Structure formats: structure tokens, C-alpha cells
Participant: 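Let me give you the structure first, and then I'll get to my questions.
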Amino acid sequence: QVQLVESGGGPVQAGGSLRLSCVVSGLNYNSVCMGWVRQAPGKEREGVATIDVDGRTYYADSAKGRFTISKDNPKKTLDLQMDSLKPEDTAMYYCAAARPGTCWYLVRSPRNIEHWGQGTQVSVSL
């Protein structure tokens with residue numbers, strides 16, 4: 001059974017940092033596209049950052065230069081380092097897995113995702 005379990009969210013002031021982690025089990029996460037998707041209240045889901053099987057990373061324009069996606073293979077986690085956070089980053093952040101080779105598309109349009117985590121809330125205040 002595939003499980004994606006996120007952690008690391010919470011309240012933070014604008015300009016601060018958070019590091020999200022997703023523990024992956026039941027899945028070889030090096031053989032699929034992995035990424036982070038977020039959803040703010042009243043808004044559609046949007047891709048944040050993805051990493052594909054060849055190691056290539058993709059970022060939403062809103063995340064470029066501020067967020068970094070990475071894998072910790074010994075721990076089998078997918079991480080998202082978020083710096084210079086803004087109030088508009090406030091959302092539920094989900095860990096997601098999709099077919100390999102689809103990361104470039106997933107970051108633009110988070111559809112056809114095969115596995116989701118339960119989400120972790122990030123709240124950025126002024």
C-alpha cells in the first residue's frame with residue numbers, strides 16, 4: 001500500500017522559512033515523478049515543484065528562487081525547503097506521485113496524479 005505522509009507545515013511570519021518532508025512507503029520513489037502541490041482556500045490546486053526520475057527539477061514561477069525540492073534517499077523522504085515565504089504561499093501542501101516523465105507537466109497542471117498525501121498546512125502571516 002502506497003503511503004505519502006507529509007510533515008513540517010505550520011505558522012510562520014513573512015520572510016521566514018519552512019522545510020516540508022514527505023515520507024514515502026510502498027513505492028519506489030526514484031521510479032516515479034514526485035512533487036509538491038498546494039491548494040489555497042477557494043483556489044484550484046497548483047503545482048509547486050517536482051523532481052523526475054532523471055533528477056530534473058521543475059518549479060512553478062511563484063516558487064523559483066525561493067523553494068528547493070530534493071530527495072533524501074536514506075530516509076526515503078521528499079523535501080521542500082521554502083525560504084522567503086510570502087502570505088500568498090499560505091495553502092495546504094500535498095506530496096504527490098505521478099508517472100515518470102510527467103513532472104514537467106505536473107508542475108503546470110497537477111492532474112493525473114496517482115498518489116496523494118494527506119497534506120500539511122502552511123500559514124504565512126505578515
Side-chain angles (χ1 to χ4, degrees):
Q1 182 179 359
V2 176
Q3 283 192 314
L4 309 179
V5 180
E6 304 96 333
S7 64
V12 64
Q13 287 191 325
S17 298
L18 282 174
R19 188 175 184 88
L20 307 184
S21 286
C22 171
V23 177
V24 181
S25 60
L27 177 70
N28 180 356
Y29 81 155
N30 285 316
S31 64
V32 295
C33 165
M34 295 294 303
W36 291 92
V37 175
R38 70 186 183 187
Q39 186 168 22
K43 295 188 177 181
E44 293 188 355
R45 287 174 178 167
E46 61 173 344
V48 177
T50 58
I51 182 167
D52 221 319
V53 296
D54 58 2
R56 289 188 181 185
T57 57
Y58 304 88
Y59 294 91
D61 288 343
S62 60
K64 287 178 182 176
R66 300 188 300 127
F67 295 0
T68 304
I69 190 170
S70 63
K71 291 179 179 177
D72 185 330
N73 286 322
K75 296 182 180 178
K76 283 200 73 176
T77 63
L78 176 74
D79 300 327
L80 184 69
Q81 177 66 38
M82 304 189 295
D83 299 317
S84 302
L85 282 161
K86 304 175 181 180
E88 51 263 44
D89 294 319
T90 294
M92 186 72 80
Y93 284 71
Y94 298 92
C95 180
R99 290 169 56 190
T102 64
C103 269
W104 65 274
Y105 181 76
L106 189 154
V107 76
R108 290 165 177 77
S109 180
R111 300 176 185 175
N112 300 319
I113 290 173
E114 297 184 334
H115 304 287
W116 291 91
Q118 84 287 351
T120 186
Q121 178 68 39
V122 171
S123 299
V124 185
S125 60
L126 287 171

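We use all heavy atoms of the structure for the numbers below, so side chains are in, but hydrogens, waters and symmetry mates are not. Nothing here was measured: the structure is a model prediction, and the numbers come from that model.
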Participant: Check for a donor-acceptor pair, side chain of Glu46 on one end and backbone N or O of Arg38 on the other, with a separation under 3.5 Å.
Facilitator: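 The answer is no, because no donor-acceptor pair under 3.5 Å joins these two groups.
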Participant: For Arg19, does the CZ atom sit with more than 12 other heavy atoms under 6.0 Å from it, leaving out its own atoms?
Facilitator: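 It does: Arg19 CZ has more than 12 such atoms within range.
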Participant: In terms of hydrophobic clustering (I, L, V, M, F, W, Y; side-chain heavy atoms under 4.5 Å; direct or indirect links), are Tyr94 and Leu18 co-clustered?
Facilitator: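 No, because Tyr94 and Leu18 fall into different hydrophobic clusters, even though each may have its own neighbours under 4.5 Å.
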Participant: With sequence neighbours excluded, what pairs up with Tyr29 under the ring pair (Phe, Tyr, Trp, His ring centres under 6.0 Å) test?
Facilitator: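 Partners of Tyr29 by the ring pair (Phe, Tyr, Trp, His ring centres under 6.0 Å) criterion come out as none, since no residue qualifies.
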Participant: So does Glu88 have more than 12 non-hydrogen atoms from other groups sitting under 6.0 Å from CD?
Facilitator: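 Counting other residues, nucleotides and ligands, CD of Glu88 exceeds 12 neighbours.
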Participant: With distance as the sole test, does Asp52 use its side chain to make a donor-acceptor pair with the main-chain N or O of Gly101 at under 3.5 Å?
Facilitator: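 Judged by distance alone, yes, a pair lies under 3.5 Å.
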Participant: Within the structure provided, determine whether Leu78 and Trp36 are in side-chain contact (heavy-atom separation under 4.5 Å).
Facilitator: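 Yes, their side chains come closer than 4.5 Å.
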Participant: Where is the tightest heavy-atom contact between Ala98 and Leu106, given as atom of each residue plus distance?
Facilitator: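 Scanning both residues completely, I find the closest heavy atoms to be CB-CD1, 3.5 Å.
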Participant: Please determine whether a side-chain nitrogen of the Lys or Arg among Asp89 and Lys86 lies less than 4.0 Å from a carboxylate oxygen of the Asp or Glu.
Facilitator: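 A salt bridge is absent here (no side-chain N lies under 4.0 Å from a carboxylate O).
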Participant: Between Val5 and Gln118, is any pair of side-chain heavy atoms under 4.5 Å apart?
Facilitator: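 Side chain of Val5 against side chain of Gln118, heavy atoms only: contact under 4.5 Å found.
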Participant: If I compare all heavy atoms of Trp116 with all of Arg45, which pair ends up nearest, and what's the gap?
Facilitator: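 Answer, listing the atom of Trp116 first, then Arg45: CZ2-NH1, 3.3 Å.
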Participant: When you measure from the side chain of Gln81 to the backbone of Thr68, do you find a donor-acceptor pair of N or O atoms at a distance under 3.5 Å?
Facilitator: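 Between the backbone of Thr68 and the side chain of Gln81 there is no qualifying donor-acceptor contact (under 3.5 Å).
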Participant: Which pairs, with at least one residue in residues 97-110 and sequence neighbours excluded, count as a side chain to side chain donor-acceptor pair (under 3.5 Å)?
Facilitator: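 Qualifying pairs, neighbours excluded: Ser109-Arg111.
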Participant: Is there a donor-acceptor pair closer than 3.5 Å between any side-chain N or O of Thr90 and the backbone N or O of Val124?
Facilitator: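 Yes; judged by distance alone, with no hydrogens or angles, the pair exists.
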Participant: Any donor and acceptor pair, going by atom type alone, linking the side chain of Tyr59 with main-chain N or O of Ile69 inside 3.5 Å?
Facilitator: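 A pair under 3.5 Å: yes.
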Participant: With distance as the sole test, does Gln39 use its side chain to make a donor-acceptor pair with the main-chain N or O of Ala91 at under 3.5 Å?
Facilitator: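 Between the backbone of Ala91 and the side chain of Gln39 there is no qualifying donor-acceptor contact (under 3.5 Å).
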Participant: Would you find more than 12 non-hydrogen atoms of other residues, nucleotides or ligands less than 6.0 Å from Asn112 atom CG?
Facilitator: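 It does not: Asn112 CG has 12 such atoms or fewer within range.
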